[in-house]
Amino acid sequence: MDTLKLDHIGIAVETIDAALPIWEGILGLPLHGIEEVTEQKVKTAFMPIGESEIELLESTDPEGPVGKFIAAKGQGVHHLAFRVANIDAALTELKAKGVRLIDETPRYGAGGARIAFLHPKATGGVLVELCERK
Ligand code: ZN
């Protein structure tokens, strides 16, 4: 698989407003925009740092994936996203290897990226996102 870099780290937060004093105020990361991803029932804030970004995830629905995550585990690191050159090829390769996936086909994430999640049972308990950006 052609894995290019760590694209971003997703952090589940109760609210973006309450998290900004930490990530912007204490750590000095610039806020580069907030976007709602209705399909994922989240509002995301992107904060670039070097070649990567911190992605704050605020649930917009308790039944959404981040809402359920926070209910079960509280705030904290939610997923690691790796940029791949070709997400269709990456998913085909993983399926051929029998790797368990949450998303068999890519869908659209924040910033127009094409994304897919691997099942955390396949990756030692870490939720891994693959992400292709043009
Ligand atoms: Zn992400």
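First listed ligand is number 1; within each ligand, the first listed atom is number 1.
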Hey, is the main chain of Ala89 close enough, under 3.5 Å, to the side chain of Asn86 for a donor-acceptor pair?
yes

Between His79 and Glu55, a side-chain donor and acceptor under 3.5 Å:
yes

Ring centres under 6.0 Å, that's the criterion: do Phe69 and His78 meet it?
yes

Would Ile102 and Phe82 show up in the same hydrophobic cluster when neighbours are defined by side-chain heavy atoms closer than 4.5 Å?
no

Is a donor on one side and an acceptor on the other found under 3.5 Å between the side chain of Glu35 and the backbone of Thr44?
no

Using atom types as modelled and distance alone, determine if a side-chain donor or acceptor of Asp2 lies under 3.5 Å from a backbone N or O of Val84.
no

Please indicate how many protein N/O/S atoms are found closer than 2.8 Å to the Zn ion (ligand 1), with waters neither displayed nor included.
4

